[in-house]
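Take a look at the structure below.
A note on names: the letters A, B, ... follow the listed sequences, proteins ahead of strands, and every chain is numbered from 1.
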Amino acid sequence: MDQIMVTTRPHLLSSSLLPLTIQNLQQPFLPSKSKLNQTPNPNSDPSKHQPSITYSFTPSLEQTQQIHAHMIKTQFDHTLQIPLNSLQTHMSPSAQYNFLITSYIKNHHPKLALKLYTQMRRMGTQVDNFTIPSVLKACGQASMELLGRETHGFALKSGFDSDVFVCNALIQMYSECGSLVLARLVFDEMIERDVVSWSTMINCYVRNRVFGEALELIREMHCLQVKPSEVAMISMVSLFADIADVKMGKAMHAYVARNSSNERMVVHVTTALVDMYVKCGNLAYGRRLFDGLAQKSVVSWTAMIAGCIRCNEVEEGVKLFKRMLEERKFPNEITMLSLVIESGSVGALELGKWLHAYVLRNGFVMSLALATALVDMYGKCGEAEYARAVFDSMEKKDVMIWSAMISAYARSNCTNQASELFARMKDSGIRPNQVTMVSLISLCAEVGALDLGKWVHSYINQQRIEVDVILRTALVDMYAKCGEIDAALRLFSEARYRDSRMWNAMITGFSMHGCGKQALELFEEMQRAGVEPNDITFIGLLHACSHAGLVADGKKVFEKMVLDFGLAPKVEHYGCMVDLLGRAGKLDEAHELIKSMPVEPNPIVWGSLLAACKIHKSPNLAEVAARQLLELEPQNCGYNVLMSNIYAASNRWIDVAGVRKAMEDKGTKKEPGLSSIEVNGAVHDFMMGDKTHPQTRKIYEMLAEMIKKLKEAGYTPNTSVVLQNIDEEEKETAVNYHSEKLAMAFGLISTAAGTPIRIVKNLRVCDDCHTATKLLSKIYGRVMTVRDRNRFHHFIEGSCSCGDYW
DNA sequence: GTAGGGTTAG
């Protein structure tokens with residue numbers, strides 16, 4: 001529960017303003033022990049009282065509302081009897097308003113606080129220099145800069161601008177509203193600054209990522225011998241933790257080490273440093289600091305354990321959790337929340353389940369935040385059903401848990417469940433926000449649901465949901481992945497601000513559509529715009545060159561990445577290069593590259609070489625690649641299939657038989673092919689030979705008709721793609737029932753003549769389906785778009801945009 | 001000091 005500090009400052013203790021008096025204080029309004037010692041004797045003469053008193057209260061929102069209602073009833077009378085817990089106070093109307101305003105802010109209801117402030121002024125109640133900082137805080141929280149400025153003006157007129165509290169609050173308010181210049185103006189014009197002024201101004205720069213100025217201020221502060229308080233140091237360290245800036249973090253560490261002398265704060269400061277190091281990925285350093293802590297608090301343990309999990313040291317995290325319990329330190333809600341979040345981030349399902357059970361067994365209150373973290377964790381671990389169980393167990397739901405559940409469905413590609421849930425969300429009056437929309441849009445992108453994606457896009461416009469850079473990126477990506485590259489480009493061009501991710505989405509979009517030149521041009525423009533490319537940019541560019549057969553350009557890009565941008569090529573980049581060279585028939589060069597690469601080749605690298613060997617008919621090199629692949633992934637029989645095809649193409653039937661025998665012996669499995677098609681906003685999935693669709697009978701009738709027409713057009717099924725040891729007729733049936741053909745048949749019977757058909761599949765298009773689809777596009781006069789694992793195929797009038805090169 | 005949901009690739 002949040003702590004509310006009611007602070008009575010010396011200048012407020014005028015004769016008209018009696019100090020707080022507390023009788024029979026009981027829980028939950030119990031102030032901390034140190035504060036209890038300061039509790040004044042209710043019978044003493046207030047005027048002789050000590051000048052500054054601080055009481056800690058923890059009123060919840062409900063309690064605040066009760067007190068509020070009571071204050072209204074007593075018309076803000078000087079003698080106030082708060083009905084809760086026998087708390088009795090004597091407060092001026094101003095003090096009562098101030099108390100309420102502060103309480104609402106602490107309960108994260110800045111708008112209620114501001115409403116009270118408006119009312120306070122309307123009633124003519126005196127606004128003092130205690131009111132102003134609270135009001136400014138509310139303005140900052142609610143990002144209401146206009147009201148903040150108006151309050152600033154009021155403070156100037158009333159002469160409160162010489163009050164250091166007021167000025168600090170002004171800096172903080174402008175900082176939260178993103179107005180750096182105004183914040184700095186207030187700071188510069190302050191007659192008298194305290195430590196808080198400095199750290200607030202520094203935080204303002206850090207929050208807005210103006211690190212140079214922040215460092216400059218820290219230096220200046222040092223020169224003027226203003227020592228940051230421990231609290232200020234901690235907040236600086238934690239800010240660098242949040243933005244994972246280890247360089248600044250280390251600088252702060254050095255600074256803290258030199259300037260921190262407060263023994264009592266050692267645990268807090270060190271914990272902040274531990275958290276900073278682990279969030280920057282330096283687990284070992286964080287651990288060293290943690291181990292050196294003589295007194296570890298629950299917070300220290302939480303930061304350390306969460307850090308272990310985040311860095312994928314799950315077992316070590318569990319060990320530490322157990323050690324924490326042994327040392328009789330017990331996790332709180334934030335501990336559980338943090339650990340659940342980190343479990344999700346690394347996909348540690350078993351740990352996540354264990355934490356869930358721990359929460360239930362140990363009587364934690366299942367707050368919305370904790371439930372949302374669990375939903376998110378299960379979602380990230382691919383367990384949408386577990387996520388749903390947690391979700392359903394919560395009676396009260398808000399936009400965050402809704403979004404988390406939709407995101408869980410999105411990750412599992414459960415389009416229909418996600419859109420159903422979205423409909424329910426709207427019905428129950430919860431307003432979706434950008435986060436909700438991003439989940440839905442990225443789902444549409446993933447499964448290729450263009451109609452749904454378009455509908456969601458129009459909903460965003462209609463509801464005036466702000467399209468920020470993330471949402472715009474998601475939209476660009478969705479249109480590109482759904483085949484509408486022009487719409488993607490339009491959204492991209494209309495953007496006022498583009499970060500590297502948005503550029504990457506557009507470059508990758510061009511790449512998938514085989515638009516190599518456009519991708520390269522866009523990259524030039526990205527450089528002119530001064531946006532730093534990252535490794536993902538180069539993956540997109542290399543793919544683009546590969547799909548468009550631009551060998552020389554691809555080589556240049558690769559070189560540029562290393563020489564101009566100082567990026568170390570990862571195995572993915574080598575994979576792209578092998579693909580690029582291999583497709584172009586430069587098999588030996590590709591092989592040499594693999595042998596010379598400084599990182600261990602993965603299956604994608606060898607797989608690219610193998611696929612190239614298949615296109616360019618090189619069985620000997622194929623064998624080399626296949627042997628490596630089977631060593632790396634003995635369970636994957638896709639390679640065996642390719643190998644068998646390659647042997648078959650060279651009439652090496654004994655080797656074909658050998659591969660088959662090896663597969664039978666190992667009992668290997670192939671990733672099942674899955675094709676989907678969207679009709680009227682619903683996504684229909686098909687597996688090979690699938691008979692689960694409600695319209696199965698009609699689909700198979702259509703399929704028979706398609707095969708008949710294909711044969712009339714001279715098509716013969718290409719059965720070499722089948723590897724089971726079955727007779728030729730069965731093979732033909734197997735090819736005919738490929739998931740892609742089933743989806744195509746469904747598309748043909750359920751959409752109007754002449755309209756395009758769009759199919760998305762999880763594997764590469766097989767040779768037979770590719771040939772068949774080309775013919776079908778002509779036979780039925782339809783534009784057919786197939787998005788496979790790697791790229792788009794646009795089939796028009798009997799030919800494909802990939803130029804049979806994929 | 002630890003604190004719930006989102007984008008590019010794979």
Rounding to a whole Å, what distance do you find between [X]:[atom1] and [N]:[atom2]?
X: Lys296(A); N: dT2(B); atom1: NZ; atom2: C1'; result: 16 Å
X: Met437(A); N: dG5(B); atom1: CE; atom2: P; result: 19 Å
X: Tyr277(A); N: dG1(B); atom1: OH; atom2: P; result: 18 Å
X: Phe538(A); N: dG10(B); atom1: CZ; atom2: C1'; result: 18 Å
X: Phe422(A); N: dG6(B); atom1: CZ; atom2: P; result: 16 Å
X: Ile470(A); N: dG5(B); atom1: CD1; atom2: P; result: 13 Å
X: Gln295(A); N: dG1(B); atom1: CD; atom2: P; result: 19 Å
X: Leu471(A); N: dG5(B); atom1: CG; atom2: C1'; result: 14 Å

With heavy atoms under 4.0 Å as the rule, sort [X] into base, sugar-phosphate or nothing.
X: Ser500(A); answer: nothing
X: Asp468(A); answer: base
X: Lys279(A); answer: sugar-phosphate
X: Ile334(A); answer: base
X: Arg789(A); answer: nothing
X: Ile341(A); answer: sugar-phosphate
X: Asp535(A); answer: nothing

N/O donor-acceptor pair, side chain Thr436(A) with base dG6(B), under 3.5 angstrom: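 Donor-acceptor pair under 3.5 Å: no.
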Thr302(A) (side chain) and dT2(B) (base): donor-acceptor pair under 3.5 Å: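 Per atom types, the contact qualifies.
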Which distance, rounded to the nearest 0.5 Å, do you find between the [atom1] of [X] and the [atom2] of [Y]?
X: Trp402(A); Y: Met425(A); atom1: CH2; atom2: CE; answer: 7.5 Å
X: Ile536(A); Y: His573(A); atom1: CD1; atom2: NE2; answer: 8.5 Å
X: Arg472(A); Y: Glu466(A); atom1: CZ; atom2: CD; answer: 10.5 Å

Sub-4.5 Å side-chain heavy-atom contact between Tyr479(A) and Ile485(A):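 Tyr479(A) vs Ile485(A): side chains apart.
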Beyond-backbone contact of Ile604(A) with Val571(A), side-chain heavy atoms, under 4.5 angstrom: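 Answer no - side chains too far apart.
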Side-chain donor-acceptor pair present, Tyr386(A), His356(A), cut-off under 3.5 Å: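 His356(A) and Tyr386(A) do not have a side-chain donor-acceptor pair below 3.5 Å.
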Donor-acceptor pair between Arg388(A) and Tyr409(A) side chains, under 3.5 angstrom: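 Present: a donor and an acceptor within the cut-off.
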Pair Lys319(A) + Glu316(A): basic N to acidic O under 4.0 Å: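 A salt bridge links Lys319(A) with Glu316(A).
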Pair Asp788(A) + Arg764(A), salt bridge at N-O below 4.0 Å: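 Result for this pair is no, no salt bridge flagged.
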Closest to the [X] side chain, choosing from [options]:
X: Ala272(A); options: dG1(B), dT2(B), dG6(B); result: dG1(B)
X: Thr508(A); options: dG6(B), dT2(B), dA9(B); result: dA9(B)
X: Arg501(A); options: dG6(B), dG4(B), dT8(B); result: dT8(B)
X: Ile539(A); options: dG5(B), dA3(B), dA9(B); result: dA9(B)
X: His543(A); options: dA3(B), dG10(B), dG1(B); result: dG10(B)
X: Ala369(A); options: dG6(B), dG4(B), dG10(B); result: dG4(B)
X: Ser297(A); options: dG4(B), dG1(B), dG6(B); result: dG1(B)
X: Ser407(A); options: dT2(B), dT7(B), dG6(B); result: dG6(B)

Looking at DNA chain B, which of [range] put a heavy atom within less than 4.0 Å of it?
range: residues 372-391 of chain A; value: Thr372(A), Asp376(A), Lys380(A)
range: residues 392-400 of chain A; value: Asp398(A), Val399(A), Met400(A)
range: residues 477-486 of chain A; value: Asp477(A), Lys481(A)

Phe558(A) and Tyr574(A) aromatic centres sub-6.0 Å: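 Judged by ring-centre distance (under 6.0 Å), Phe558(A) and Tyr574(A) do meet the cut-off.
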Heavy atoms from other residues, nucleotides or ligands near NZ of Lys137(A) exceed 12 (cutoff 6.0 Å):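 Check fails, neighbour count at 12 or below.
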With sequence neighbours excluded, residues passing side chain to side chain contact (heavy atoms under 4.5 Å, CB included) with Ser442(A):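 So Ser442(A) forms no side chain to side chain contact (heavy atoms under 4.5 Å, CB included) with any residue.
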Non-neighbouring partners of Arg431(A) that pass side chain to side chain contact (heavy atoms under 4.5 Å, CB included), sequence neighbours left out: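 Side chain to side chain contact (heavy atoms under 4.5 Å, CB included) check on Arg431(A) returns Gln463(A), Ile465(A).
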Determine all donor-acceptor pairs shorter than 3.5 Å in which one atom belongs to a side chain in residues 332-340 of chain A; sequence neighbours excluded.
from      : atom 1 : to        : atom 2 : distance (Å)
Asn332(A) : OD1    : Ile334(A) : N      : 3.0
Asn332(A) : OD1    : Thr335(A) : N      : 2.7
Asn332(A) : OD1    : Thr335(A) : OG1    : 2.8
Glu333(A) : OE2    : Ser367(A) : OG     : 2.5
Thr335(A) : OG1    : Thr302(A) : OG1    : 2.9
Thr335(A) : OG1    : Asn332(A) : N      : 3.1
Ser338(A) : OG     : Ile334(A) : O      : 2.7

